[in-house]
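To keep things clear, I will list the structure first and then write my remarks on it.
No experiment lies behind these values; they were computed from the predicted model shown.
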Amino acid sequence: MPADSKSKLLWSAFEEFAKNGFSGASTRDIAAKADINISSILYYFGGKKGIYTAALKKIVDTINEMTAELNSRYTAVIEKQDSKEARILLKEMSEYFLNILCSKDLSPNVKKVFLSEYSSPTDEFNILYDELIRPVHDRMSNLLHLASNKNIDLKNCYFYIFPLFSQLFVFASRKESICKLMEWEDYDDKAQLELQRYTNSQIDFILDYLKK
């Protein structure tokens, strides 16, 4: 648990928002779980909306930090205009985000708040969209465009990436149903590889068939 009061309140907020959502969350309960006076929420964050905004920004910063190396490679591939590398990186990027959403790379409460905001957006959704979701969508679309040797129109690439990107969230948010259907105990390494194989096969289908 973080030592300073502001961080303790923020991680307590993740727990509360994960359990009750934004509308059902209580600043009193957030403060109680952190064992900090409720007035500190007003002081540090300006209220419930402010601490929820801070939680979403924390998600953005965390994932952007985790994907910094991928983003650097993306810049290099785009500069080189290397179609083969673009295909490889597109798959690696989808695999990496799949791992973030479906493994334990994010804490359960952080992940639940992220998925909840994605599936049922609040007024603060633009924080996730503008600073994380849209940039990732842009990069994946540009990689698909380049990987096709630009035979697939960039506008269509955005269209094809949309369901591909969205299914990563479906895999995470419908974990219990998918595990039951596939007779998996959990998203272990074998299950993760199967999800990656499925996602990569879609990328190959788009590039090998729709570009013709």
Between [X] and [Y], is there a donor-acceptor pair closer than 3.5 Å when you use the side chain of the first and the backbone of the second?
{"X": "Asp188", "Y": "Ala191", "value": "yes"}
{"X": "Asn126", "Y": "Tyr129", "value": "no"}
{"X": "Glu117", "Y": "Phe125", "value": "yes"}
{"X": "Gln81", "Y": "Ile78", "value": "yes"}
{"X": "Glu124", "Y": "Leu56", "value": "no"}
{"X": "Ser40", "Y": "Ile36", "value": "no"}
{"X": "Asn200", "Y": "Arg197", "value": "no"}
{"X": "Lys111", "Y": "Ser103", "value": "yes"}
{"X": "Ser12", "Y": "Lys8", "value": "no"}
{"X": "His145", "Y": "Ile152", "value": "yes"}

With heavy-atom distances below 4.5 Å as the criterion, would you say the side chains of [X] and [Y] are in contact?
{"X": "Arg87", "Y": "Asp208", "result": "yes"}
{"X": "Leu101", "Y": "Leu115", "result": "yes"}
{"X": "Lys33", "Y": "Trp11", "result": "no"}
{"X": "Val110", "Y": "Thr62", "result": "no"}
{"X": "Ile203", "Y": "Ser94", "result": "yes"}
{"X": "Glu185", "Y": "Cys179", "result": "no"}

Students often mix this up, so state it plainly: with edges at 30° and 60°, are the rings of Phe165 and His137 parallel, tilted or perpendicular? tilted

Please indicate whether Lys57 has more than 12 foreign heavy atoms, meaning atoms of other residues, nucleotides or ligands, lying under 6.0 Å from its NZ. no

Can you tell me how far the [atom1] atom of [X] sits from the [atom2] atom of [Y], to the nearest 0.5 Å?
{"X": "Leu132", "Y": "Ile63", "atom1": "CG", "atom2": "CD1", "value": "5.0 Å"}
{"X": "Met93", "Y": "Thr199", "atom1": "CE", "atom2": "OG1", "value": "14.0 Å"}
{"X": "Leu144", "Y": "Ser83", "atom1": "CG", "atom2": "OG", "value": "12.0 Å"}
{"X": "Lys58", "Y": "Phe14", "atom1": "NZ", "atom2": "CZ", "value": "8.0 Å"}
{"X": "Ile178", "Y": "Lys175", "atom1": "CD1", "atom2": "NZ", "value": "10.5 Å"}
{"X": "Tyr52", "Y": "Lys48", "atom1": "OH", "atom2": "NZ", "value": "10.5 Å"}

Scan side-chain atoms only and decide if [X] and [Y] contain a donor-acceptor pair under the 3.5 Å cut-off.
{"X": "Gln196", "Y": "Asn99", "answer": "yes"}
{"X": "Asn109", "Y": "Ser107", "answer": "no"}
{"X": "Asp204", "Y": "Ser201", "answer": "no"}

Sidechain N-carboxylate O distance under 4.0 Å for Arg134, Asp138: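 Looking at Arg134 and Asp138, the cut-off is met.
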
Linking I/L/V/M/F/W/Y whenever their side-chain heavy atoms sit closer than 4.5 Å, directly or via other members, would [X] and [Y] fall into one cluster?
{"X": "Ile88", "Y": "Leu98", "answer": "no"}
{"X": "Val60", "Y": "Ile100", "answer": "yes"}
{"X": "Met66", "Y": "Tyr118", "answer": "yes"}
{"X": "Leu164", "Y": "Tyr96", "answer": "yes"}
{"X": "Leu168", "Y": "Met182", "answer": "yes"}

Looking only at heavy atoms, what is the nearest atom pair of [X] and [Y], with distance?
{"X": "Ser148", "Y": "Leu207", "value": "N-CD2, 3.7 Å"}
{"X": "Cys157", "Y": "Ser141", "value": "CB-O, 3.6 Å"}
{"X": "Glu16", "Y": "Ser26", "value": "OE2-N, 3.1 Å"}

Which of Thr67, Thr75, Asn71 passes side chain to side chain donor-acceptor pair (under 3.5 Å) with Arg139? Answer is Asn71

What verdict does the side-chain contact (heavy atoms from CB on, under 4.5 Å) test give for Tyr160 and Gln202, after you've listed the backbone C-alpha separation in whole Å, the side-chain angles of each residue and the deciding distance to 0.1 Å? CA-CA 10 Å; Tyr160 293 131; Gln202 290 181 296; over 6 Å; no

Step by step, work out the ring pair (Phe, Tyr, Trp, His ring centres under 6.0 Å) result for Tyr187 and Phe171. CA-CA 10 Å; Tyr187 278 171; Phe171 286 153; 7.6 Å; no

Check against side-chain contact (heavy atoms from CB on, under 4.5 Å), Phe162 and Ser166: CA-CA 6 Å; Phe162 184 79; Ser166 297; 4.0 Å; yes

Tell me, with the steps shown, if Leu10 and Tyr44 meet side-chain contact (heavy atoms from CB on, under 4.5 Å). CA-CA 10 Å; Leu10 184 57; Tyr44 286 120; over 6 Å; no

Please lay out, stage by stage, how Lys6 and Phe45 fare under the test side-chain contact (heavy atoms from CB on, under 4.5 Å). CA-CA 9 Å; Lys6 187 175 182 179; Phe45 303 102; 3.6 Å; yes

Within 45° cone of Phe17 ring axis and under 6.0 Å: Lys112 NZ or CZ: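 No, a cation-pi geometry is absent between Lys112 and Phe17.
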
